[in-house]
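What follows is a single structure, written as structure tokens, with notes after it.
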2 protein chains.
Amino acid sequence: MGGEARPLRADAQRNRERILDAAEVVVARDGLSASMRAIAQHAGVGLGTIYRNFPTQEALYAAVIIDRTQRLIDEADTSLAADDPGAAFFDYFTRIVVDATRKKTLADVLTQAGVDPKAGTADVSRDMRNVIERLLVRAQEAGAVRQDLRMPELLALLAAACLAAERNQWSEELRARTLAFVFDGLRSQR
Amino acid sequence: MGGEARPLRADAQRNRERILDAAEVVVARDGLSASMRAIAQHAGVGLGTIYRNFPTQEALYAAVIIDRTQRLIDEADTSLAADDPGAAFFDYFTRIVVDATRKKTLADVLTQAGVDPKAGTADVSRDMRNVIERLLVRAQEAGAVRQDLRMPELLALLAAACLAAERNQWSEELRARTLAFVFDGLRSQR
DNA sequence: GAACATACGGAACAGCTGTTCCGGTTGTCA
DNA sequence: TGACAACCGGAACAGCTGTTCCGTATGTTC
């Protein structure tokens, strides 16, 4: 399966990237209710051009989300190699929240709520969860995080922080203060 | 100012209540994107009847939200009279999250994001925050909650929990487990 | 530079939304 | 019971949305 696609025409390739960039910007501003017209206008492109590249709005959004999430997953590899597993865990938690604040829609990926798994986000969502789980296990083995913390609660906490940060545009200071309390609850009790 | 309104006709009064009940149910199901038609249908009433009672969709939603929030505020008075200020604080936090899970839109009231303050939600939002603050201060004076917890972070945590619980329909078990970690972070460190 | 597949833009379509309006109905009160 | 204001339902309007379609333009290839 998987017919080998002929390379795109040069202008088509250029437009495809413009659309993806514009979609990322507009979604960061308007969230998942961003309109196709707004994206087309921002990309300096007609509506038809978007639909040539992405069969549906959901497919376009999925492409944006997958891009973004994949980048975060890649960053995690650096964290996994870090010396201090505890710091790596908390740093990555923070990084995810920061990304959510800036670009929205991250909470959905973590919980698969509100995005259509059929659109292809399921894979990246699973990868993301795997990465988080590995960071968690390493931090627990190092004694930096409570042994009784499991993935469901961790994902719930992460999604909660992302949702609130996205929606209320947490300032850097509020984020630091708020997460500090959450992290204290996750740390091994002395 | 404030012309004394003549009492409503009997059927009008009945319809007004039907509409409010229907709106609460439909909003609990569809969130803030519930449509006026869905509410009208659920109330067994025409569209015009809704607009006779509430000038705009925002006004109707505001009425629903104010109702609900006022009930929660009233409940807090009981908590404020409780023996154990620490338990009262954590119980009320939990109660708010439970209510959000069932009926949505509560996170908005806590932070005034996404709801129009002009629509009259500002008062109830302020009252809610005052009640929470009094519970916090009492719990801190009793030594049950960390002294360095301030209102902005507390509201951020509360809104975060409400948003995630609303959106992902936290089960009773997940809620208990997740909030347990949050609460451990808020408790006075031994 | 000619010829052709490929890609473009945007008008047009279908379906949703909140809101307005008005002809018909119903509660109320004398 | 009659008369009238108050109220009702739902069709109609304006404006948004995602998506389709096709005449035109452009990159590519020989």
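Letters A, B, ... mirror the listed sequences (proteins, then strands); counts begin at 1.
- Rounded to an integer number of Å, the gap from CD1 of A:Ile50 to P of C:dA11 is 15 Å.
- Between B:Tyr51 atom OH and C:dC22 atom C1' there is a gap of 17 Å when expressed in whole angstrom units.
- In the displayed structure, B:Glu172 atom CD is contacted under 6.0 Å by at most 12 heavy atoms of other residues, nucleotides or ligands.
- B:Lys103 contributes atom NZ, which lies 7.5 Å from atom CG of B:Leu72 (distance to the nearest 0.5 angstrom).
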Each nucleotide of nucleotides 25-30 of chain C classed B (base within 4.0 Å of a protein heavy atom), S (only sugar-phosphate) or -, in 5' to 3' order, makes -BSS--

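- Both B:Leu186 and A:Phe93 are assigned to one and the same hydrophobic cluster, defined by single-linkage of ILVMFWY side chains at heavy-atom distances under 4.5 Å.
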How far apart are the C-alpha atoms of A:Ile65 and A:Asp108, what are their side-chain angles, what is the distance that settles it, and do they pass the side chain to side chain contact (heavy atoms under 4.5 Å, CB included) test?
CA-CA 10 Å; A:Ile65 290 172; A:Asp108 301 313; 5.8 Å; no

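- For residues 52-63 of chain B, proximity to DNA chain C is found at B:Thr56, B:Gln57, defined as any non-hydrogen atom under 4.0 angstrom from a strand atom.
- We find that CZ of A:Arg37 is positioned 9 Å from C1' of D:dT19, with the value rounded to whole Å.
- Phosphate contact (OP1/OP2 of C:dA7, side-chain N/O of A:Asn15, threshold under 4.0 Å): absent.
- B:Ala38 comes within 4.0 angstrom of nothing in the nucleic acid, heavy atoms only.
- Contact check for A:Arg167 versus B:Thr111: no side-chain heavy atoms found under the 4.5 Å cut-off.
- Atom-to-atom distance recorded for A:Glu141:CD and A:Leu136:CG is 9.5 Å, nearest 0.5 angstrom.
- A straight line from CD of A:Gln41 to C1' of D:dC16 spans 15 Å, rounded to a whole angstrom.
- Atom pair B:Gln13:CD and D:dC8:P shows a separation of 11 Å (rounding to whole Å applied).
- Inter-residue side-chain proximity for A:Thr101 and A:Val97 is flagged as met; some heavy-atom pair is nearer than 4.5 Å.
- Salt bridge B:Arg18/B:Asp21: absent, no basic N to carboxylate O contact under 4.0 Å.
- C:dG9 atom P lies 14 Å from atom CE of A:Met36, rounded to whole Å.
- Rounded to an integer number of Å, the gap from CD1 of B:Ile39 to P of C:dT17 is 11 Å.
- Around CZ of A:Arg150, the count of heavy atoms belonging to other residues, nucleotides or ligands within 6.0 Å does not exceed 12.
- Here A:Thr49 reaches the OP1 or OP2 of C:dG9: one of its side-chain N or O atoms lies under 4.0 Å away.
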